[in-house]
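A short write-up of the structure that comes next.
Residue numbers begin at 1 in each chain, while the letters A, B, ... track the order of the sequences. Since the model is a prediction, treat every value here as computed from it, not as a measurement.
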2 protein chains.
Amino acid sequence: MISKKTKYALKALIYLSREYDKGPILISDLARDERIPKKFLELILLTLKNNGILQSKKGKGGGYYLGRHPRDITMGQAIRVVEGPLAPVPCVSESAYAKCDECDDEQTCGIRLVMKDVRDAMAKILDGTTLADVLERIDKAEQKQKGVLNFYI
Amino acid sequence: MISKKTKYALKALIYLSREYDKGPILISDLARDERIPKKFLELILLTLKNNGILQSKKGKGGGYYLGRHPRDITMGQAIRVVEGPLAPVPCVSESAYAKCDECDDEQTCGIRLVMKDVRDAMAKILDGTTLADVLERIDKAEQKQKGVLNFYI
DNA sequence: ACATTAATCTACCAAGTCGATAGACAAACA
DNA sequence: TGTTTGTCTATCGACTTGGTAGATTAATGT
């Protein structure tokens with residue numbers, strides 16, 4: 001299960017993607033619209049900025065905005081920053097490899113063999129899905145919902 | 001990342017799979033051979049038993065053994081028991097669905113759309129891999145390693 | 001120069017989880 | 001009856017999670 005922190009981060013990024021061409025967005029506005037505790041959101045946005053995903057501007061007219069086009073930011077990148085590596089065990093992580101201390105022979109570890117497959121499957125999806133893709137999928141889901149609604153009217 | 005508890009559980013299950021036809025195995029032996037803190041392992045084996053994956057026998061000649069054939073126990077089943085649902089968000093869990101409190105409309109939630117794919121990919125692998133499969137993969141990896149070893153001799 | 005705005009930094013906190021241990025208890029067996 | 005072995009309950013320190021408080025710094029408008 002991903003943490004609330006990660007959910008908040010993803011919500012914020014999707015929000016900022018939707019407002020991509022509208023200049024800096026205030027933390028306060030984001031917090032209010034997405035119902036995220038403001039002070040907590042501050043920390044999240046800051047680490048996203050420190051990891052190159054967001055940029056910010058201080059003072060009047062300031063706020064946060066995406067560091068790159070929504071089509072150039074993936075879910076995988078964002079999740080790794082706030083939640084840590086995707087891999088279920090450190091010994092199959094590409095971004096943050098580490099030896100498992102319980103395990104002596106990595107080559108013949110059954111857990112590792114299976115978890116490698118899991119990691120790869122997750123990475124394929126999350127690194128292959130950009131913020132722009134997510135917006136698109138949301139739009140399609142909303143269209144579909146509207147369609148059903150019309151059907152009932 | 002999976003917890004140590006889960007790793008210990010999987011190690012124990014793989015161990016018990018290998019000894020499947022040898023009758024009950026002592027907690028002490030398992031703990032010693034797999035280098036798992038004994039008292040901690042007790043709790044793990046107990047919850048695996050309470051969830052129908054293991055069986056046990058008390059007194060002399062007692063110990064723990066698999067409740068079903070290794071070919072009828074999947075990694076997914078075991079992980080759900082000790083670690084909880086596979087799903088990254090509760091609203092896409094099949095085994096333990098729950099509404100996300102941050103989210104009002106499930107149908108159009110972008111996070112959900114992506115995480116559903118992730119859950120399905122994980123479930124496909126973990127529910128499709130039995131303990132017998134794991135043993136087989138370990139054996140193959142060991143054969144391969146021996147081959148390379150022979151090559152160097 | 002100065003007030004205002006808004007991000008940034010540091011510290012802190014309560015509650016919960018993780019990994020592990022201790023010891024009493026209960027069933028099986030010889 | 002005594003020994004063996006699993007079962008249960010309680011407890012522990014360390015760490016993580018989710019969140020708050022307040023001071024500080026940088027940019028902007030007047």
Side-chain angles (χ1 to χ4, degrees), chain A residues 1-12 16 22-32 34-67 79 81-85 88-90 100-102, chain B residues 1-12 16 22-32 34-67 79 81-85 88-90 100-102:
Chain A
M1 293 277 179
I2 63 178
S3 61
K4 282 198 174 191
K5 191 170 163 184
T6 300
K7 277 190 215 173
Y8 291 157
L10 294 178
K11 283 194 155 208
L16 292 176
K22 306 215 178 93
I25 304 290
L26 293 183
I27 299 182
S28 313
D29 290 353
L30 228 172
R32 174 180 24 82
E34 296 292 341
R35 299 203 294 309
I36 302 172
K38 190 189 160 195
K39 279 306 218 172
F40 194 26
L41 181 57
E42 280 183 18
L43 301 179
I44 296 168
L45 296 180
L46 194 55
T47 69
L48 285 171
K49 182 200 159 172
N50 289 337
N51 284 274
I53 293 181
L54 293 182
Q55 294 190 355
S56 66
K57 226 188 125 187
K58 284 187 177 181
K60 186 156 196 179
Y64 275 100
Y65 51 99
L66 294 185
I79 290 174
V81 165
V82 286
E83 184 85 11
V89 283
C100 291
D101 31 343
E102 304 85 18
Chain B
M1 292 276 178
I2 62 178
S3 60
K4 282 200 174 189
K5 192 169 163 186
T6 300
K7 278 191 214 172
Y8 290 157
L10 295 177
K11 282 194 154 203
L16 291 175
K22 306 216 179 92
I25 304 291
L26 292 183
I27 298 181
S28 313
D29 289 352
L30 229 172
R32 174 179 25 83
E34 295 291 341
R35 300 204 292 310
I36 302 172
K38 190 189 159 194
K39 279 305 218 171
F40 195 26
L41 181 57
E42 281 183 16
L43 302 180
I44 295 167
L45 297 180
L46 194 54
T47 69
L48 285 171
K49 183 200 158 174
N50 290 337
N51 285 272
I53 293 181
L54 293 182
Q55 293 190 356
S56 66
K57 226 187 124 186
K58 285 185 175 180
K60 187 155 197 180
Y64 275 100
Y65 51 99
L66 294 186
I79 291 173
V81 165
V82 285
E83 185 86 11
V89 282
C100 291
D101 32 341
E102 303 85 20

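- Note: CG (A:Asn50) to P (C:dA7) measures 14 Å, nearest angstrom.
- Side-chain N/O atoms of A:Lys5 and base N/O atoms of D:dG19 include no donor-acceptor pair closer than 3.5 Å.
- Across every non-hydrogen atom of A:Ile2 and A:Lys7, the tightest pair is CD1-CG, 3.8 Å.
- Atom CG of B:Leu43 and atom C1' of D:dG6 are 12 Å apart (whole Å).
- With C:dG19, D:dG6, C:dA7 as the candidates, the nucleotide lying closest to the side chain of A:Leu26 is C:dA7.
- In this structure, A:Tyr65 places its OH atom 15 Å from P of C:dA6, rounding to the nearest Å.
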Distances for protein N/O vs nucleotides 26-30 of chain C N/O pairs under 3.5 angstrom?
| unit_1 | atom_1 | unit_2 | atom_2 | d |
| --- | --- | --- | --- | --- |
| C:dA27 | O4' | B:Lys58 | NZ | 3.3 |

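- Between B:Glu42 and A:Ser28, the residue anchored closer to the 5' end of DNA chain C is A:Ser28, taking for each the nucleotide with the nearest heavy atom.
- A 4.5 Å side-chain heavy-atom check between A:Ser56 and A:Pro24 finds every atom pair outside the cut-off.
- Side-chain atoms of A:Ile79 and A:Leu10, non-hydrogen and from C-beta on, do get closer than 4.5 Å to each other.
- Each of D:dC8, D:dG19, C:dG19 was ranked by its minimum atom distance to the side chain of B:Phe40; first place goes to C:dG19.
- Picking from C:dA20, D:dC8, D:dG6 the nucleotide with the shortest atom distance to the side chain of B:Tyr8 gives C:dA20.
- The residue among A:Pro37 and A:Glu83 whose nearest nucleotide of DNA chain D lies closer to the 5′ end is A:Glu83.
- Closest approach of A:Leu41 to A:Ile27, counting heavy atoms only: CD2-O, 3.9 Å.
- The distance between atom CD1 of B:Ile27 and atom C1' of C:dT21, rounded to the nearest whole Å, is 15 Å.
- Mapping B:Ser56 and A:Ile2 onto DNA chain D by nearest heavy atom places B:Ser56 closer to the 5' end of the strand.
- When the P atom of D:dG18 is taken as reference, atom CE of A:Met1 falls 13 Å away, rounded to whole Å.
- Counting to the nearest Å, the C1' atom of D:dT4 and the NZ atom of B:Lys38 are 11 Å from each other.
- If you check every strand for non-hydrogen atoms under 4.0 Å, B:Leu45 touches nothing.
- Taking the side chain as every heavy atom from C-beta outward, A:Lys22 and A:Tyr65 never approach each other to under 4.5 Å.
- Computed from coordinates, the B:Ile44 CD1 to D:dC8 C1' distance equals 16 Å when rounded to whole Å.
- The CZ-C1' distance, from A:Arg35 to D:dG18, rounds to 17 Å in whole Å.
- Side chain A:Lys39 to base D:dG18: no donor-acceptor pair is found below 3.5 Å.
- Side-chain contact between B:Asn51 and B:Val82 is absent, with no heavy atoms from C-beta onward closer than 4.5 Å.
- Going from atom NZ of A:Lys38 over to atom CG of A:Asp29 covers 10.0 Å, rounded to the nearest 0.5 Å.
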